[in-house]
Amino acid sequence: MTDAPVLVAEDLVGGYVAEVDILRGCALTAGEGEIVVVIGPNGAGKSTLVKAIFGLVPLRQGTVTLHGTDVTGQRPNRISALGMSYVPQVNNVFPSLTIQENLEMGAANSRATMDERMDAMYALFPRLRERRRNRAEGLSGGERQMLAVARALMPEPSVLLLDEPSAGLAPKAVGEVFETVQQVNASGVTIVMIEQNARAALALADRGYVLEGGQNRFTGKGADLLDDPQVAELYLGGGAAGRE
Amino acid sequence: METFLQTTINGLASGSIYALGAIGLSLVYAILKLVNFAHGDFMTLGGYVAFVVNVSLGAPLVVAAAAAVAAIAVVGLITEAVIWRPMRNRGAGVMQLLLLSIGLAFVIRNLILFGWGGQEKRLDIDNTRTFDLGIVRISLIQVIVISIAAVVLVAVGVMLRSTYVGKSMRALSDSFDLAEVSGIDTRRVVTYTWVLGGGLAGLAGVLAGIFTTLRPDTGFLLLLGIFAAVILGGIGNPFGALVGGIALGLVQEWSTNWITPTYKEAIGFVVLILVLLFRPNGVLGHATRTG
């Protein structure tokens with residue numbers, strides 16, 4: 001399975017309620033060790049796509065395959081056990097739990113390697129180690145994202161789904177998040193990331209998707225999408241990468 | 001001083017029962033967003049199970065209490081499987097679940113009335129024996145209630161603080177969705193929550209039966225105080241429920257030093273209102289919580 005993609009989502013159709021399809025046939029493929037970036041306007045279905053891949057949105061049609069295993073419609077804890085983690089955009093830490101306890105919660109399916117993984121996470125994010133006995137509610141926005149990513153990395157996933165990890169962060173913290181993503185990717189984790197900072201994100205991307213109306217609008221290498229005049233005009237909106 | 005100590009002991013005893021009831025109610029609310037009005041009737045049912053085992057079958061009270069804890073844990077699991085989970089899956093909100101629980105409360109209470117009648121039942125325990133400790137007197141039943149509650153409450157506290165299941169329960173009460181995506185087997189944690197919440201309700205019912213007598217509305221009458229304890233401590237915080245329960249029992253009994261005991265329950269609610277005026281989220285409640 002050397003060249004087989006790690007994650008394949010095909011022809012996804014579905015939404016939160018039965019009558020309203022948000023995804024209308026979109027697809028996504030992630031190769032081993034790639035950074036895949038999904039951009040698109042608000043309401044394009046980006047978050048829904050990632051949630052559907054993680055089993056959080058009922059699908060009427062389509063399949064999700066992880067390492068060749070069909071995981072369509074599986075419960076998240078099963079998908080997590082198969083090596084995929086997900087970091088939601090908001091409410092992605094347990095506020096009343098300590099940082100250490102937050103990390104433990106990420107290790108539900110990997111209790112045996114928990115201590116080892118926790119050390120690895122503290123090495124990756126030294127600031128979390130300093131504050132490991134503090135409750136997560138006291139963390140800054142950037143630290144919160146670090147904790148959320150660290151929690152998701154606890155089971156040593158092969159694929160990490162990130163829903164707008166830089167949303168709402170100060171510019172300095174945005175840079176840190178992107179550095180973290182590169183670092184995590186360098187350790188061999190395949191990244192699928194939704195981003196509003198489209199230019200910065202596509203610059204990192206091996207593969208990029210532009211979503212609109214629940215369908216794939218453009219697909220290509222990150223650099224090619226950045227150079228595509230149509231993509232630039234429609235979705236990269238000049239220089240001020242479209243923030244809400 | 002003597003009367004203060006005496007009322008403190010009395011307050012600890014009644015507060016223990018509130019606290020045991022309140023922790024289960026609070027956990028179930030925090031994790032399942034279910035305001036379970038049937039919780040008081042779960043307690044009553046626990047008391048009656050103990051009555052059957054202890055008096056009708058003649059087994060020792062300890063065996064009866066264990067049977068009650070197990071029985072109500074099972075009742076909790078059955079209601080989860082038959083009522084709460086199917087209703088949540090159909091998208092029932094807090095209000096629908098609350099109304100269902102009120103209905104369930106009536107069903108349980110009337111089944112008890114139907115099965116055992118309305119007259120008071122007594123567990124087989126010597127409720128006249130007291131120990132004179134010099135300045136205060138403590139009755140056998142107070143010793144039993146306070147010591148059992150103390151052991152159980154500490155054990156539950158340790159469990160929530162240091163065991164994986166306990167931490168998972170707190171994680172689910174922070175955010176059920178995040179717990180789910182973190183890979184936690186939320187269904188299993190919900191199962192444990194019902195076992196713990198139901199078991200504690202059963203135990204609280206037995207202790208209430210030891211403390212006074214059992215009637216079909218024993219638990220329902222305690223429920224108001226238990227809700228007060230939960231709110232006093234901070235809704236959804238099991239440690240708060242513990243503190244709130246003990247505090248409510250103490251305040252009610254202390255008030256009898258100055259005011260006729262008839263009003264002690266009202267005093268408890270006056271204190272609740274006063275606390276909420278200054279700390280709207282309860283004593284141990286979070287200042288704010290984002291959805």
Side-chain angles (χ1 to χ4, degrees), chain A residues 16-18 50-51 53-58 74-98 100-111 114 133 135-138 144 147-148 150-157 160-163 168, chain B residues 26-27 29-31 33 85 88-93 157-192 233-241 243 281-291:
Chain A
Y16 302 95
V17 281
V50 169
K51 285 182 188 168
I53 289 174
F54 205 68
L56 297 169
V57 175
Q74 296 271 13
R75 283 178 65 206
N77 71 319
R78 171 102 184 100
I79 294 179
S80 161
L82 288 170
M84 184 154 65
S85 285
Y86 162 63
V87 180
Q89 183 182 348
V90 289
N91 298 327
N92 51 19
V93 300
F94 298 107
S96 79
L97 268 56
T98 65
Q100 184 137 351
E101 287 169 343
N102 266 274
L103 294 181
E104 282 179 47
M105 291 303 107
N109 293 308
S110 54
R111 304 277 303 284
M114 189 169 79
R133 299 200 192 291
R135 286 174 172 225
E137 63 197 346
R144 227 173 237 245
L147 178 59
R151 191 221 81 228
L153 289 174
M154 282 296 286
E156 221 168 346
L160 181 62
L161 307 173
L162 297 169
D163 189 349
Chain B
S26 182
L27 271 175
Y29 172 73
I31 290 172
K33 298 291 164 277
R85 188 187 305 151
R88 282 199 309 274
N89 289 346
R90 290 179 189 192
V158 169
M159 190 220 115
L160 289 170
R161 270 269 171 256
S162 352
T163 69
Y164 185 76
V165 171
K167 290 174 194 172
S168 309
M169 285 179 179
R170 284 159 50 221
L172 259 70
S173 73
D174 262 11
S175 166
F176 196 99
D177 293 342
L178 183 60
E180 184 103 358
V181 303
S182 296
I184 296 171
D185 187 348
T186 50
R187 230 174 261 174
R188 216 182 65 180
V189 180
V190 168
T191 299
Y192 286 133
I235 294 173
N237 180 337
F239 299 107
V243 172
N281 292 304
V283 180
L284 298 184
H286 291 274
T288 50
R289 186 164 264 187
T290 46

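These numbers come from the heavy atoms of this one structure, side chains and all, not from hydrogens, waters or symmetry mates. To find a chain, count down the sequence lines: A is the first, B the second, and so on, and within it residues start at 1.
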Exercise. Go through the side-chain N and O atoms of B/Arg170 and A/Ser96 and say whether any donor and acceptor fall under 3.5 Å apart.
Key: no

Self-check item: Interatomic distance, A/Leu97 atom CG to B/Leu178 atom CG [nearest 0.5 angstrom]
Solution: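 Answer rounded to 0.5 Å: 10.0 Å.
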
Practice problem: Can you measure from OG1 (A/Thr98) to NZ (B/Lys167) and round to the nearest 0.5 angstrom? | Solution: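 Here the rounded value is 7.0 Å.
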
Exercise. Applying side-chain hydrogen bond (donor to acceptor under 3.5 Å, both in side chains), name anything that partners A/Gln74, two or more places apart in sequence or on another chain.
Key: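 Here no residue qualifies.
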
Exercise. Tell me, please, which residues at least two apart from B/Ser168 pass side-chain hydrogen bond (donor to acceptor under 3.5 Å, both in side chains).
Key: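 Counting only residues at least two positions away or on another chain, B/Ser168 forms no side-chain hydrogen bond (donor to acceptor under 3.5 Å, both in side chains).
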
Quiz item: Does A/Arg78 CZ have over 12 foreign heavy atoms under 6.0 Å away?
Solution: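 No.
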
Practice problem: Search all heavy atoms of A/Ser80 against all heavy atoms of B/Ser182 and return the closest pair with its distance. | Solution: OG-O, 4.1 Å

Self-check item: Part of A/Ile79 within contact of chain B (heavy atom distance under 4.5 Å)
Solution: neither

Self-check item: chain B contact via A/Val90 - side chain, backbone, both or neither, heavy atoms under 4.5 Å
Solution: neither

Quiz item: Side-chain contact, heavy-atom cut-off 4.5 Å: B/Arg187 with A/Asn77?
Solution: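 No, side chains not in contact.
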
Practice problem: I would like to know whether B/Val181 and A/Lys51 meet side chain to side chain contact (heavy atoms under 4.5 Å, CB included); could you show each step before the answer? | Solution: CA-CA 10 Å; B/Val181 303; A/Lys51 285 182 188 168; over 6 Å; no

Quiz item: Do B/Tyr164 and A/Met105 pass the side chain to side chain contact (heavy atoms under 4.5 Å, CB included) test, and can you show the C-alpha distance, the side-chain angles, and the key distance before you say yes or no?
Solution: CA-CA 8 Å; B/Tyr164 185 76; A/Met105 291 303 107; 3.9 Å; yes

